[in-house]
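The next block holds one structure in the form of structure tokens; read it before the comments.
One is the number of the first residue; the rest follow in order along the sequence. For the numbers below, each heavy atom of this structure counts, side chains included, while hydrogens, waters and symmetry mates do not.
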Amino acid sequence: MKETTKEKTTIVLFSGDLDKAIAAFIIANGAASYDHEVTIFATFWGLNALRKDTPVPIKKGFLEKMFGWMMPRGADNLPLSKMNFMGMGPKMIKHIMKKHNVVPLPDLIGMAKEQGVKLVACTMSMDLLGIQKEELLDDLEYAGVGAYLGDASEGKVNLFI
């Protein structure tokens, strides 16, 4: 009997915008439900979707503290890419999503974890932005671009969001 291998899908989540992160996780969950092996490689601003919602007391330098203060903390606090309107845009889109029974981003992330989507935080971006492992969600993997390229080289679908 012929052994079947899973199709592979990789997504680079570069954006820290709510609408783009939602799209990335909807695609990831869809691919996982089609039995794909899925990797989301979160880099630069995409790491904000994987940050914990509450501050973590850790020692940081001045610049790292400034980045942490300026960046949104967690999936529920991301801005929209267009029509952010000083924070009103995300509130409006979340209201519309709830009205149409669309799963919110924190739940999409949880579903991805449950389906075995590999969530990888880019260690180089973490270093540049002063983000430490303790500030990110549990059950993540940590790797550099080489690990992503290894997954992507075997991927049938590779997306950059």
Applying a strict under-4.5 Å side-chain criterion to I, L, V, M, F, W and Y, I'd like to know whether [X] and [Y] cluster together.
X: M88; Y: L80; result: no
X: F67; Y: L78; result: yes
X: F85; Y: L18; result: no
X: V103; Y: I96; result: no
X: W69; Y: M71; result: yes

Check your understanding: Does the distance from a Lys or Arg side-chain N to an Asp or Glu carboxylate O, for E37 and K8, drop under 4.0 Å?
Key ->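 Counted as a salt bridge, because a side-chain N and a carboxylate O are separated by less than 4.0 Å.
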Check your understanding: Can a salt bridge be assigned to the pair K94 and D76 using a cut-off of 4.0 Å between side-chain N and carboxylate O?
Key -> yes
Within this structure, what is the [atom1]-[atom2] distance for the pair [X] and [Y], rounded to the nearest 0.5 Å?
X: N158; Y: T10; atom1: CG; atom2: OG1; result: 3.5 Å
X: I40; Y: D151; atom1: CD1; atom2: CG; result: 12.0 Å
X: H36; Y: Q115; atom1: NE2; atom2: CD; result: 12.0 Å
X: E141; Y: D139; atom1: CD; atom2: CG; result: 10.0 Å
X: I11; Y: F25; atom1: CD1; atom2: CZ; result: 8.0 Å
X: I26; Y: L105; atom1: CD1; atom2: CG; result: 9.0 Å

Review point. Does the R51 side chain pair with the main chain of P72, one donor and one acceptor, at a distance under 3.5 Å?
Key: yes
Less than 4.5 Å apart, side chain to side chain, heavy atoms only: is that true for [X] and [Y]?
X: V145; Y: M124; answer: no
X: L50; Y: L13; answer: no
X: D17; Y: N84; answer: no

Which atom names give the shortest non-hydrogen contact between [X] and [Y], and what distance separates them?
X: V117; Y: A28; value: CG2-O, 4.1 Å
X: D53; Y: G74; value: OD1-CA, 3.4 Å
X: E134; Y: V56; value: O-CG2, 3.4 Å
X: K20; Y: S15; value: CD-OG, 3.2 Å
X: S81; Y: D19; value: OG-OD2, 2.5 Å
X: Y142; Y: T123; value: CB-CG2, 3.7 Å

Is the count of non-hydrogen atoms from other residues, nucleotides or ligands lying under 6.0 Å from [X] atom [atom1] greater than 12?
X: K60; atom1: NZ; answer: yes
X: Y34; atom1: OH; answer: no
X: K91; atom1: NZ; answer: no

Check your understanding: Please walk me through it: do M126 and L136 pass side chain to side chain contact (heavy atoms under 4.5 Å, CB included)?
Key -> CA-CA 10 Å; M126 289 173 63; L136 297 176; 3.9 Å; yes
Exercise for review: Give the intermediate values and the outcome of side chain to side chain contact (heavy atoms under 4.5 Å, CB included) for residues I22 and M97.
Suggested key: CA-CA 11 Å; I22 289 170; M97 288 172 64; 3.6 Å; yes
Exercise for review: Given side chain to side chain contact (heavy atoms under 4.5 Å, CB included), test I58 with E135 step by step and report yes or no.
Suggested key: CA-CA 9 Å; I58 50 178; E135 296 176 271; 3.5 Å; yes
Exercise for review: Kindly determine whether F44 and C122 satisfy side chain to side chain contact (heavy atoms under 4.5 Å, CB included), including the steps that lead there.
Suggested key: CA-CA 8 Å; F44 284 95; C122 175; over 6 Å; no
